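Lettering of chains follows the sequences in order, A, B, ..., and the numbering in each one begins at 1. All values reported here derive from a predicted model rather than from experimental measurement.
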Amino acid sequence: MLKVKSVVKEFSGFRAVDECSFEVEKNTITGLIGPNGAGKTTMFNLIAGSLKLDQGEVYFSEQKVNNFAPHQIARLGLARTFQIPKTLRKMTVLENLMLVPSGQSGENIWNSWFRGAKVENEEKVNAAKAYETLEFLEMEHLADEMAVNLSGGQKKLLELGRALMAEPELILLDEPGAGVNPTLLNKIAENILKLKERGKTILLIEHNMDLIMNICDRVIVMNDGKHLVEGTPAEIKTNPQVLEAYLGEKTA
Amino acid sequence: MALQLFLNGVILGSIIALGAIGLSLIYGILKFGHFAHGDLMTLGAYFAFLFKVQLGLPFWLAFVLAAALTAGTAVLLNLILYRHLKKRDSVIVMISSVGAALIIRNFVLLFWGPQNKFYEKAIQMPIVLGDGLLRIKENQIIILVLALSLVVAVHLFLSWTKLGKAMRAMADNIDLAQITGINTERVIIWTWAMSGVLTAAAGILLAFDTHLTPVMGWNLLLPLFAAVILGGIGSPYGAMFGGLVIGISQEMSTLIISAAYKPAVAFTIMILMLIIRPSGLMGKKV
Amino acid sequence: QETVKIGTLMPLTGGLASYGQFTRNGTLLAQKIINEQGGLLGGRELELVNVDTQTNPQAGVDGAQKLVSVNGINAIVGALSSGVTIPVAESVTVPGEAVLISPSSTSPVLTTLDDNGYVFRTVPSDSLQGVVAGNLAADLDHESLAIIYVNNDYGQGLNDAVIEQFEKRGGEVTASIAFEPNKVSYRSELMDAASENPDALLLIAYTDDGGITIIRQALENGYFDQFIFTDGLKAPEITEGVEQYLEGMRGTAPTSMPGGKGPELFTELYEEEFGEIPPKPYIDTSFDATFVLALAIEKAGSTEGPAIRDAINEVLAEDGMLVNINEWDKAKELIAAGEKIRYEGASGPVLFNDVGDSMGAIGIWKIEDGDIVNESVEVQ
Amino acid sequence: MLSIKEVYAGYGEIEIIHGISLEVNEGEIVSIVGPNGSGKSTLLKSIFSLVDIMGGEINYLNSNLSQVNTDQMIKKGLSFVPQTDNIFPTLTVEENLELGAYVSKKKLKDRFDLIYNLFPPLVEKRKKKAGTLSGGQRQMVAFGRALVIEPKLLLLDEPTAGLAPMYIDLILEKVAEINKTGVSILMVEQNAKKALAMSDRGYVLAAGEKKYEDSGRGLLENEEVAQLFLGG
Amino acid sequence: MTFAGVFSYLVFFLIFVGIYAIMTLALNIQRGFAGLFNIGIAGFWAVGAYTSAIVTKGPTPDHLGGFGMPFIVGLLTAGLVASVLALLVGIPTIRLREDYLGIATIGIAEIIRLVVKNEAWLTNGVRGVSAIPKPLAGIFGSNYNLFFLLIVITVIVIFYYLSEKGINSPWGRVLRAIREDEEVVKAAGKNVVRYRMEAFILGAFMMGVGGALYAHFTSFISPEAFRPMQATFLVWIMLIIGGSANNFGSIVGAFLTWGIWTGTEFLTGMLPAAYTTQAAAVRVILIGIFLEIILLSRPQGLFGEKKYSSKKTAAEN
Ligand SMILES: Nc1ncnc2c1ncn2[C@@H]1O[C@H](COP(=O)(O)OP(=O)(O)OP(=O)(O)O)[C@@H](O)[C@H]1O
Ligand SMILES: Nc1ncnc2c1ncn2[C@@H]1O[C@H](COP(=O)(O)OP(=O)(O)OP(=O)(O)O)[C@@H](O)[C@H]1O
Ligand SMILES: CC(C)C[C@H](N)C(=O)O
Ligand SMILES: [Mg+2]
Ligand SMILES: [Mg+2]
């Protein structure tokens, strides 16, 4: 599904990602963990096309996507969330979601001028889907709220919602749990599992070990921009390198 | 010829630099392009005219008084207008500054009329160097010396007081600056006052070199912005450098292209800059 | 009773601001005389509606547009600058069928303008001034000349005419450079003009939007010390602060024809009303333009454009009955009696040829003790 | 030392906090927990007048904060780490820390060493612009900045969000340590269990109102609270 | 003034309001909806005006021309050339941060003004292009302005309709989203640059057409007509006063602002001639003060930001 090969990214001489390689199997939940500054978010940005690779290759569904523009990769079926939530502030929550699906014919100005009926119909379908997503996130009551008025956690949920609307094959989630209330977090975990049931593939950055341990099939650990180790959650939990670099003695 | 043009460019460039420093700081901290900056420059020049010609004070005193009055005006603009619009879209503040520009320019027209004015009616003959290779007027030497001392003064001010750092911090995140204990209101006032002084100086020196007209500053506004962008928004040193580059390249350009297109040089450099390195030569990477 | 309106396009700001106030006085004086002597068209008062052209074609056209299409005015005095008059004529008054009389636009282009006979002027064309100026330069023993001229039809026309005459007299024009108004610095233009060390600079400009700046910058950078000026700079303002350098410099400008009592009478009436009359040109011709329009309206018995146009040449004739500038009453009686009029105007007798140009004289003026004095007159 | 009385606050016309009262006493650790959007951050911000205060009173060390300039508050030892936008991105890490000492006269080099000890990853980033740091590193800078002045009362808005597990425990440990040196702490945490476990007292907010108020332990043991707000 | 006088003044006034309203609608597409900070309106305006003038005028020795095309061809060509200009300007700058784009556009507008000023073979330089033909001149006699007003209104109605329709569609939603956060839109698989470009070009097209209407109405254009104050900032003031991102507000803003701009002319017209300069200055000062008062008291504009939405409420579902 996703293959990353010896990827390198430098920021003015500093190697944030350093010859890192890994693979993500179809229809799995893969955790990507590592200390702060290990290069996880940077790796996401490279995969999603928000940053340009210095070296290496990225394959998505067998296709080489090195240095595709973000929107091109998104169209191939990749969705991502942002670690620090980004919202369309002065648009409603519903619109935030309805924006996402690609190939809407009304996104072409000529169609919106001259093919009103077709556009209308598509919009209805689109709206229905958005409501579904909101229900899934238990945010229906916020449908008409401006996104700017959401709290930090609600914004994280909206991030997730947008990723869902894209009907992606692969979803990259950057710390969906950070700052989220524990009760809600349990729900997010359930939802991620449900996504997997629906056949999606998920790559997940998270510092919340409970979440990682409970839902991941495999876990990849990055450190200093490199691929450190990889294995099942249970293996990772007891790996001495991981303990030292990431979990700290106590958690073990 | 090239040497002469270079000298002319340095003179124009240092005037632009003086104006651009304040514009850049305001842009950085308050996040809007201050379109009344050129007209503040005009106002400064006319204040000096008031003191020097109409009231007959010596030049240095007129300079100081005019700078102080212009600084006061800048602070006042902030108090009456910009402060209240701060939380709004930066475009609103920008439009408000266009309004302020109109008011200032027409205030000048109202009180001093549209005709060209001079600090000294009598003209000054140039010092001719190297067998006509280089002509420089005494006034132009004064301009260079004054501009240089002001730039040094700004440098000392920014590095010896904590103000420089506070300004940079505010340019980054004004709310956080406030909870860090920076008295943001006061820093903003200082910023305006400092820009006021510098821009008045720019206006006075420009008029000193040529003459006063109510549109002198407005006409220089775009080169000022070009200098700011070239140097990187929010960077006072960048603005100085940008000003010089703009001034020199404008004047030297007449060697290659028609003088009529001189003003276009500033924009062209600016646009190239935006394309190649949007953060400016000395600006922060964003 | 409704007033009869005449529009005036006078610059109160911009390059010719220092002329506009006085030329406007000229029109006001005509208005005063006419209204004191019973108005026109059976006792209606004459009203002048002025628009400030800002010496700027755009503002001039916009203003004229309003005069014609909003105020319904079909007779206009103006504009001063040829650069304003020509577009006003082409874009507004000719298609709008309004009569336009310029008191000062001297560009030769006006002669050939395709105007359906709606455009007149009370001054001679620069084909005359150019000859006088070219001769002046040659008579001053200049062998070479640089010309800097304002980039409009006036500057260009006069520039061409001067070159032609000066070269005819064996001189060489080393540079001829057009400039844009309202720049802060003209050093590059001056540098070009001075590059071949000509004997003098002939400057065709208006005072406030470049002329004075060019003179000062030419002097202080040592580019020129000999100058010849034209009608756009015949104003004492140009010498302020540089008196000692300009002493003895000469220039040309249209002036009143010698003989005839119009000019003297005009000076007297003007000074009675407004105080001393400055040595600037076109105050008298502005008076005349207004007076002639009033005559034509009276003759036409209407304020419609075509009627006024036709009436102008019907009412004025070389061999008509003499009317002085303070004899509006008499003029009305003569018109009522169907007589033609020989108008002995403020600038001399006013008569138009079939393209609407009038005859005239060019004077040579000189700077003496910082003042402008008339030296001699050359007649066409 | 800090007492918030019946405060109403919000953004523009929207009222978010509906009359909340809260106390922090000398030497205490107090935690605020609650669902996302319940107004926790807004409440903290209201202490610094960063939001619109519509009613009530906030007192710190016997002075009414609405009448005091922010720099005065800092001088009196009040320090705040916001939840978001809590660093100066174009300034270097070191400059960020220096700004923490803005109101004090002396240079606090020894404090910096203490902070670098606390967060070793920052050492090699000293001269780097803070905006280029990873999420977790930024959090460290923000925390560090607030510690520079030796605060008397430290306000923390989710100090552990986005941190690697080893740092979560570390930070909470440091918080406890700092508290031992006499600094009072008021913090908002989503790591609610851990936070409450170390707190003297805790508040539960929901929908802009105070729902529960008890000792840390008390709240942890409260079935209802656990069910609704602590994830069972 | 007589009734006829008042009426013809009103018509004249409304034509200018209409031309400005077109500019404001166009700016609203760029700024209000797509967040594009164009302060080079004057450039597009000038290009539209000159294009139509050159295309429709008969042969002249003064500048490029002699095509003698019909008015409607002039309008469309003006819109197209302005669009091409937008494309060219947009290629390097449209990706930039919004205020950079702003300063780049104002710079380009100035360059255009310099070109218009200096390339006499093309535009007749500072002397301007005069005698630009008026469509169907001579047929309507003294009611001509009324006819022209109808043309202007027709153009406004078309542009208004297209703009509203576009903005309430998914296309508009993408634009508004870009204004909020580009990254999000990119992550959703949309080509941000293309959308911004479309909005920029569409707005430029409308500005070009507006410019053409202006040229044909005044029948004379020169570089002076395209100074930043009248041709750019006045449009901005109209947009802000009406309320950004609000098409109706844009039109009302144009009406009010132009009303004040010209209305004060009457006041100053009543003063003696000796005070003309002062009066003109006082007039502009008053306008400035009025603008500031509006900004301070109603920064969201008279009509505020309209809530455009591709789907309005849950109820519809
Ligand atoms: N734009 C940038 N310029 C320079 N350095 C950068 C930039 N972005 C990231 N870095 C550096 O790259 C490294 C990796 O950052 P990244 O954000 O990928 O970490 P992370 O693994 O996501 O950490 P966290 O868990 O704290 O979010 C960090 O040291 C950071 O300072
Ligand atoms: N700038 C703002 N303008 C308008 N409303 C806001 C703003 N910031 C927050 N809100 C609203 O205030 C409410 C409380 O937000 P706050 O950030 O205080 O929540 P919180 O309890 O800190 O949540 P979290 O745990 O998710 O950080 C939310 O409903 C949010 O919609
Ligand atoms: C008033 C005059 C200087 C005008 C000049 N003769 C011209 O035709 O433009
Ligand atoms: Mg990260
Ligand atoms: Mg919060």
Side-chain angles (χ1 to χ4, degrees), chain C residues 2 5 8 10-14 17 20-21 24-25 27-28 48-52 54-66 68-72 82-92 94-97 107 109 113-115 150-156 178-182, chain E residues 1-2 4-13 15-16 53 60 62 114 117-118 120 124-134 137-138 141-146 148 215-227 230-231 262 265 268-269 272-281:
Chain C
E2 216 191 317
K5 288 185 193 136
T8 61
M10 295 290 161
L12 300 169
T13 51
Q21 190 197 332
R24 187 173 143 82
N25 284 346
T27 64
L28 291 173
L48 296 184
V49 184
N50 185 52
V51 167
D52 177 11
Q54 303 167 25
T55 329
N56 163 342
Q58 200 68 46
V61 169
D62 292 348
Q65 189 89 258
K66 258 180 231 161
V68 173
S69 79
V70 176
N71 296 340
S82 305
V84 179
T85 305
I86 292 169
V88 164
E90 287 187 327
S91 294
V92 184
V94 174
E97 305 190 325
S107 164
V109 171
L113 201 68
D114 177 14
D115 63 4
V150 57
N151 190 2
N152 66 17
D153 287 304
Y154 159 63
Q156 186 155 60
F179 75 88
E180 309 301 334
N182 287 320
Chain E
M1 234 193 249
T2 59
V6 172
F7 183 73
S8 57
Y9 186 81
L10 195 67
V11 171
F12 188 82
F13 170 80
I15 289 172
F16 273 97
T60 154
D62 294 335
L114 287 176
K117 244 180 165 172
N118 291 294
N124 205 23
V126 273
R127 301 162 189 208
V129 174
S130 53
I132 301 166
K134 298 197 168 203
S142 60
N143 287 326
Y144 184 79
N145 285 356
L146 194 57
F148 201 91
H216 289 283
F217 183 64
T218 58
S219 178
F220 173 74
I221 48 174
S222 72
E224 288 296 323
F226 309 104
R227 283 186 300 193
Q230 295 96 310
T262 55
E265 225 167 55
T268 54
Y275 295 102
T276 325
T277 343
Q278 286 90 332

Got C:Gln156 and E:Arg127 here, is their nearest side-chain heavy-atom distance under 4.5 Å? yes

Quick one: of E:Ser8, E:Ser130, E:Pro223, who has the most non-hydrogen atom pairs under 4.5 Å with chain C? E:Ser130

If I measure from the heavy atoms of chain E, does C:Asn151 come under 4.5 Å with its side chain, its backbone, both, or neither? both

Pick from C:Ala89, C:Ser69, C:Gly83: which one has the most heavy-atom pairs with chain E under 4.5 Å? C:Ser69

Where the side chain of C:Ser91 meets the backbone of E:Ser219, is there a donor-acceptor pair that is under 3.5 Å apart? yes

Minimum side-chain heavy-atom gap C:Glu90-E:Phe220 below 4.5 Å: no

Heavy-atom proximity to chain E below 4.5 Å, by part of C:Pro95: neither

Region of C:Gln21 that comes under 4.5 Å of a non-hydrogen atom in chain E: neither

Looking at CD of E:Glu224 and CG of C:Asp62, how far apart are the two atoms once the value is rounded to the nearest 0.5 Å? 11.0 Å

Side chain, backbone, both or neither of E:Asn124 within contact of chain C (heavy atoms, under 4.5 Å): neither

Answer yes or no: is there a side-chain heavy-atom contact under 4.5 Å between C:Asn152 and E:Val126? no

Test of understanding: with side-chain hydrogen bond (donor to acceptor under 3.5 Å, both in side chains), list the residues that count as partners of C:Gln58, not counting sequence neighbours. E:Tyr214, E:Ser222

Quick one: list whatever passes side-chain contact (heavy atoms from CB on, under 4.5 Å) with C:Val92, sequence neighbours left out. C:Val61, C:Ala64, C:Gln65, C:Val68

